[in-house]
Amino acid sequence: MTDTTLSTGPASPDGLHTGDAAKMRLRARYAAEARFKWLGAGAVALAGFFLLLLLSTIVTKALPAFQQHYVMLEVDLSADKIDPADPRAANFLGLVHDGLGNEFPQVSGRQERRLLRGLVSTGAGVVLREEIEADPAMLGGTHRIAVPLDDFADLYLKGLLAKSGPSQRIADVRVSGAGDEVALGFADDAIMAMARGAGAVEGEGGGLRLTSGSQSFLLRIAGGTVKITELSSREAGGAVGKGTVLELLERSVETPADATLRTIETAEADRKITDREIVWLDRLAGAGKIENRWNTLFFFTGASREPELAGIWGAVVGSALTMVVTLALSFPIGVAAAIYLEEFATRNRLTNLIEVNINNLAAVPSIVFGLLGLAVFLNWFSLPRSAPLVGGMVLALMTLPTIIIAARAALRAVPPSIREAALGIGASKVQTVFHHVLPLAMPGIMTGTIIGMAQALGETAPLLMIGMVAFIVDIPGGFTDAATVLPVQIFMWADFPEPAFQQKTSAAILILLGFLVIMNAIAVVLRKRFERRW
Amino acid sequence: MNMLTEAGVEQQIADQADIAAIKMRGKGVTVHYGDKQALFGVDLDVPEKQVTALIGPSGCGKSTFLRCLNRMNDTIAICRVGGDITLDGEDIYDPRIDVVELRARVGMVFQKPNPFPKSIYENVAYGPRIHGLTRNKAELDQVVESSLRKAALWDEVKDRLQEPGTGLSGGQQQRLCIARAIAVSPEVILMDEPCSALDPIATAKVEELIDELRQNYTIVIVTHSMQQAARVSQRTAMFHLGYLVEEGATDKMFTNPDDKRTQDYITGRFG
Amino acid sequence: MVNYLVLLMVALAVAAYFVGRSRAVASVGGEVSRLHSLPGQHGLFLAMIAAGPALLAVLIWRIATPGIEDSIVQARFAAELAEFGVPQLQAFLRDARAIAFGGIVSFPDETKEAAAVVFRSLHQTSIGLITALALILAAGGSLFGYSRIAPAYRARHVVERVVKWFLILCSMIAILTTIGIVLSLIFESILFFSEIPIFNFLFGLHWSPQSAFTGAGGEVGDVNTEIFGAVPLLAGTLLITFIAMLIAAPVGLMAAIYLSDYATQRVRAVAKPVLEILAGIPTVVYGFFAALTVAPFFRGVGESIGLDVASESALAAGVVMGIMIIPFVSSLSDDVINAVPQSLRDGSAGLGATRSETIRRVVLPAALPGIVSALLLAVSRAVGETMIVVMAAGLAANLTFNPLEAVTTVTVQIVTLLVGDQEFDSAKTRAAFALGLLLFVITLALNVIALRVVQKYREQYD
């Protein structure tokens with residue numbers, strides 16, 4: 001084009017929108033725009049960050065719980081230990097303890113032995129008994145049996161209880177003296193600097209004391225272990241010290257020998273496992289007698305006070321039973337109510353009242369439904385406490401509004417032409433609805449129902465009200481047995497003081513979230529698969 | 001094809017240049033909505049301080065073209081605009097052109113009156129406020145009053161400026177929207193079927209107003225009504241199926257159109 | 001026993017269906033087209049009339065008998081129970097039942113043993129009666145229905161009428177539930193307020209129901225009426241809700257605005273599921289997160305800057321509750337923001353407003369009522385939320401507005417009062433119902449106001 005000059009008319013007479021002042025204003029306005037936009041993006045990012053933080057916290061906490069350390073012990077099952085005529089009468093835990101004692105023949109003294117026995121789970125006896133019951137042919141000989149370790153031992157082996165420092169070689173160490181306390185001699189005083197770095201306390205005369213508040217120095221020498229307690233420099237070079245024997249030395253070390261120094265960075269006072277137990281566990285692990293296994297106990301046992309024995313199977317079964325009741329009640333009732341309101345009801349005071357009620361019930365706090373269940377189902381109908389039956393009934397009332405609302409939406413989405421077609425060939429209203437409208441609305445109804453069930457599955461508060469919070473060891477076998485459910489199990493475990501329960505709780509949460517993800521995925525698939533555009 | 005030849009366009013533009021300065025110019029404007037093309041190479045000039053009417057049957061692309069003139073199509077994600085549109089010789093789709101500034105210079109009035117759910121005063125004051133056009137309340141009051149006067153609404157609403165704009169009648173609402181557009185002191189006002197939701201009396205008032213506004217503003221109006229185009233516009237452009245069929249002085253278009261389709265349309269044979 | 005009866009009735013219904021069908025077919029000699037209703041409808045009709053009344057009778061019996069048995073036992077032991085107040089009476093009946101039918105007995109004694117005998121014999125009698133009644137109804141119904149089946153009989157009408165009544169009944173469950181909630185809360189609350197003056201409950205500043213009794217054998221008269229003041233609980237609930245809304249309202253609202261007006265398709269495809277997942281996480285998980293991660297974190301931060309933060313601080317519970325409510329706020333605000341007509345946005349954009357100016361000056365003011373109601377619903381949600389505060393907030397009722405201290409909430413106290421092995425009928429457990437009533441009223445009021453506002457707002461644009 002050659003005539004652009006012609007079309008270049010004058011700008012706005014006073015340059016109102018194109019002048020410098022306007023440009024300045026515009027810049028400020030765009031800055032505000034950008035701020036606002038970033039604020040919005042920040043809000044979304046913050047929500048994402050919260051989700052990520054929550055999930056990552058739980059996943060990292062949960063992963064260790066899916067494994068459990070077992071110790072392999074030679075257990076004597078000969079006739080003088082177990083009466084073949086009546087094997088159940090035997091002291092199985094005692095047999096396990098004997099097997100463990102045999103691994104450490106030098107351990108003596110009541111207190112020390114009790115400490116040693118504490119390394120295996122108190123449920124180890126039950127594990128042994130079940131193994132024998134499964135294979136009675138084992139009776140009579142000595143067998144290698146894997147029994148679960150105690151939760152603290154297990155946590156230590158997972159590296160969650162104490163932080164180990166690096167191990168290092170120290171040349172020319174002398175050990176003199178017998179009994180529990182020995183004297184130590186070092187060729188150079190580098191160990192002094194290490195001890196200072198490890199939080200050793202300065203004693204009188206330039207000496208250092210390693211207390212329960214400082215790191216632990218465990219000296220492995222001559223097949224035994226000495227814990228260093230005191231150190232001081234020598235004029236002539238090198239250092240001397242004192243130590244406590246944690247594990248008997250196989251020979252005396254009068255001529256200097258090489259040693260390995262193992263440090264435990266977490267002070268003994270700050271951890272729930274002693275140096276002695278650590279030495280024992282290291283010994284067992286070194287001998288290849290400890291195995292890290294997939295934690296089947298967690299998946300297939302019921303509740304227990306002992307973290308290493310506690311499983312979620314009871315809660316899973318309880319949840320399943322409860323959900324069956326909830327589904328059996330809320331689905332037919334919800335769909336029937338939706339059909340009535342959407343297909344049959346005329347607008348009148350009653351239907352208005354019903355609608356208002358449904359909307360309000362959808363917003364009533366869940367705990368109030370629990371109070372209803374307590375007052376009506378338990379106290380008035382005298383139904384059993386803690387039972388999946390009652391839990392399911394309460395949750396059914398709670399999910400009913402969700403299902404009704406979803407079902408109504410699904411029914412409404414079926415075009416009137418379908419109804420007219422059916423009515424037109426002489427079907428009754430009921431036939432029209434049940435033969436034509438309802439099947440077409442079913443995918444939508446199912447989607448809504450699954451989402452409602454997912455809500456019910458994660459619900460905790462109302463079930464606390466009807467006593468499903470009881471500590472129940474047995475796997476529930478029926479709808480009226482005392483039971484608990486997954487979220488309540490999570491709630492209870494979260495409250496237990498043992499640190500291992502934190503991992504169990506997180507693992508149970510992961511499993512609950514897994515179920516919810518599956519349910520929601522099914523709902524999404526249903527929606528995608530059967531989505532119909534009329 | 002009834003497209004005008006390149007030479008014809010050159011000639012026509014030269015003709016218009018004699019009549020008035022050209023405020024806006026579209027050249028080879030195309031619009032796609034996703035895969036669907038809505039405008040096919042439209043060349044159209046908008047002369048300054050005149051009323052240009054865009055006519056044509058529904059779906060012919062006249063509103064689409066109008067929305068291109070102040071880039072309202074930007075708000076539709078799937079919409080792509082091709083070709084050149086210039087305002088005072090500047091390409092308005094140039095990345096350096098600011099859409100906010102553009103829309104301040106090229107205001108728009110919509111088909112359905114859409115007053116904000118605020119008071120009448122706040123509706124008119126909205127534009128000057130966001131653009132920072134006034135320095136104080138007194139100036140703002142003055143802008144509001146003069147805008148309402150220009151929109152011929154002042155006498156009807158001066159005693160109830162604080163009442164909600166949504167409470168006015170349809171015709172008043174549309175004049176309020178025009179006042180709202182005027183308050184920004186635009187150079188061009190685009191009107192997308194501004195009277196289609198109004199009754200005949202309100203329509204007459206708005207048409208009267210458009211005629212007066214011509215003194216100060218360049219106006220582009222999309223209309224369904226041939227009579228309206230004839231009444232208010234000086235130039236008319238006829239669109240059909242996304243093509244610009246014919247464009248010229250309104251008198252000529254309605255008395256002696258060049259194109260058969262224009263003739264058929266204005267005589268009511270289709271539309 | 002009763003279960004077998006129910007099973008029997010179900011079997012009868014199945015059998016009746018087939019009998020009815022074949023009788024209908026037989027009545028027209030196989031020419032089905034001569035029947036007014038389909039054979040299957042005749043079958044359904046017979047099944048309904050044969051088993052329906054009997055099943056209904058069993059259901060009514062199941063609901064009604066406990067009350068009747070209780071009153072008979074009470075009348076029989078009127079002399080022994082004369083001195084008893086309502087709580088002791090209920091405890092007595094519960095124990096007697098437990099002795100009779102199995103269960104945990106708190107304090108067995110001779111009177112209870114005797115009452116248990118009465119319970120057992122009453123139960124035997126009533127089971128006998130209901131069995132007989134059910135059988136009679138079933139037999140009568142079967143015979144009646146069987147005799148009615150004929151070619152011209154309008155079985156379909158009967159069946160459809162029954163179906164319709166069933167549908168109506170099902171939709172009445174919503175009303176029944178509300179009535180059940182209101183009645184059970186009010187009933188227990190009235191008992192509570194007969195011991196504790198309602199004024200003391202609503203305006204008392206001191207809450208420590210655990211010290212309600214001087215000892216294990218405390219008498220009802222010993223209840224200290226000054227320790228059931230709900231004000232500290234309401235204050236705590238308010239504080240935590242406030243903190244939660246401080247997080248949820250801006251974040252949720254801004255997220256909704258961003259997603260509806262700014263985000264690209266790809267961002268939306270990621271962000272929407274993130275919010276949905278956040279909404280789908282059970283509250284017990286949030287509670288665990290609050291207690292285990294967030295509370296220690298705040299405590300640590302507080303320590304490092306020299307502040308004393310309680311390990312069960314209102315801050316931690318409030319912040320996590322806020323996170324939980326973010327998706328709730330954002331999805332509700334998303335709805336109301338999208339309900340603002342596009343024409344208003346166009347109008348503003350057409351005047352040269354930037355997107356944020358349009359949102360702040362046109363969309364948000366227009367959507368304000370909707371947003372207010374969304375926030376009210378979120379507040380109601382926060383007030384009624386239980387698990388997060390049970391796990392992360394405190395138990396002691398401090399009347400404070402310092403977010404770094406531990407406070408307790410209404411829901412926490414309901415749980416604390418009702419969970420555990422305690423007598424059901426003490427003032428303590430009744431206090432839980434009074435708190436429940438309070439909670440119900442507060443949330444109901446919030447919901448009703450919110451729905452009203454939204455309705456008004458919808459009318460504006462429809």
Side-chain angles (χ1 to χ4, degrees), chain A residues 29-30 32-33 36-37 39-41 43-44 46-48 50-51 54 57 333 336-337 339-341 344 353-354 357-361 363-368 371-372 374-376 379-382 397 400 428 430 454 458-461 464-465 469 487 490-491 494 502 505 509 512-513 516 520, chain C residues 63 66 97 156 160 163-164 166-168 170-171 173-175 177-178 180-181 184-185 188 250-251 254-255 257-259 262 271 274-275 277-278 280 282-285 288-289 291-293 323 326 354-356 377 380 384 386-387 391 411 414-415 418-419 424 433 436 439-440 443-444 447 451:
Chain A
R29 286 168 67 194
Y30 272 117
E33 169 79 13
F36 191 74
K37 184 176 173 180
L39 220 56
V44 173
L46 197 62
F50 284 143
L51 179 66
L54 194 148
T57 310
I333 295 177
I339 290 175
Y340 177 71
L341 292 174
F344 292 97
L353 185 67
I354 293 174
N357 265 295
I358 290 171
N359 286 333
N360 280 332
L361 281 181
V364 167
S366 60
I367 193 169
V368 172
L371 290 173
L372 169 77
L374 174 59
V376 174
N379 290 337
W380 193 24
F381 290 168
S382 313
L397 291 183
L400 214 48
S428 71
V430 171
E459 197 53 69
T460 321
L464 301 182
M465 300 290 96
V469 68
I490 290 166
F491 167 64
Q502 282 189 12
T505 312
I509 286 174
L512 176 62
L513 291 182
L516 293 179
N520 282 296
Chain C
I63 294 171
R97 268 181 186 286
R156 201 191 73 212
E160 292 192 348
V163 167
K164 224 180 269 183
F166 172 73
L167 297 181
I168 293 176
C170 283
S171 53
I173 299 258
I175 296 182
T177 309
T178 308
I181 288 174
S184 54
L185 291 181
E188 296 289 339
V251 176
M254 284 310 292
I257 289 170
Y258 184 78
L259 290 180
Y262 284 102
V274 163
L275 288 172
I277 295 172
L278 220 46
T283 53
V284 69
V285 177
F288 180 66
F289 180 62
L292 209 80
T293 310
I323 296 175
I326 288 172
T354 63
R355 228 186 284 204
S356 68
L377 287 175
S380 140
T386 308
M387 292 321 292
M391 295 169 84
T411 48
I414 295 177
V415 171
L418 288 181
V419 170
F424 180 70
F433 279 87
L439 186 65
F440 181 74
T443 52
L444 190 71
N447 292 328
L451 288 179

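Letters A, B, ... are given to chains in the order of the sequence lines, protein chains preceding strands, and every chain is numbered from 1.
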Side chain, backbone, both or neither: which part of Ile175(C) has a non-hydrogen atom closer than 4.5 Å to chain A?
-> both
Partner residues of Phe166(C) under the side-chain contact (heavy atoms from CB on, under 4.5 Å) criterion, sequence neighbours left out | Ala336(A), Cys170(C)
Heavy-atom contact with chain A under 4.5 Å, split by part of Thr354(C) | both
Checked Leu439(C), Thr293(C), Ile414(C) vs chain A; the most non-hydrogen pairs under 4.5 Å come from Ile414(C)
Flag side-chain contact, heavy atom, 4.5 Å: Val415(C) against Met465(A) | yes
Checked Leu513(A), Leu512(A), Thr505(A) vs chain C; the most non-hydrogen pairs under 4.5 Å come from Thr505(A)
Give the member of Gly48(A), Pro365(A), Ala494(A) that has the highest number of heavy-atom pairs under 4.5 Å with chain C.
-> Pro365(A)
Counting only heavy atoms closer than 4.5 Å, note whether Thr411(C) contacts chain A via side chain, backbone, both or neither.
-> both
Non-hydrogen side-chain atoms of Leu397(A) and Ile173(C) separated by less than 4.5 Å = yes
By a 4.5 Å heavy-atom criterion (distance strictly below it), what part of Leu377(C) contacts chain A: side chain, backbone, both, or neither?
-> neither
In this structure, CG of Leu372(A) is separated from CG of Leu185(C) (nearest 0.5 Å) by 8.0 Å
Of the backbone (N, CA, C, O) and the side chain (C-beta and beyond), which part of Ile257(C) lies under 4.5 Å from a heavy atom of chain A, both, or neither?
-> side chain
Among Asn360(A), Asn359(A), Val364(A), whose side chain to side chain contact (heavy atoms under 4.5 Å, CB included) with Asn447(C) holds?
-> Asn360(A)
What part of Leu400(A) is in contact with chain C, defined as an atom under 4.5 angstrom from a non-hydrogen atom: side chain, backbone, both or neither?
-> side chain
Determine the option with the most heavy-atom pairs under 4.5 angstrom with chain C, choosing from Leu361(A), Leu341(A), Val368(A).
-> Leu361(A)
With Val251(C), which residues qualify under side-chain contact (heavy atoms from CB on, under 4.5 Å), at least two apart?
-> Ala43(A), Leu46(A), Ile326(C)
Measuring heavy-atom distances to chain A, does Ile168(C) have an atom under 4.5 Å in its side chain, in its backbone, in both, or in neither?
-> both
Pairs of heavy atoms under 4.5 Å with chain C: top-ranked of Ala32(A), Ala454(A), Ser428(A) | Ser428(A)
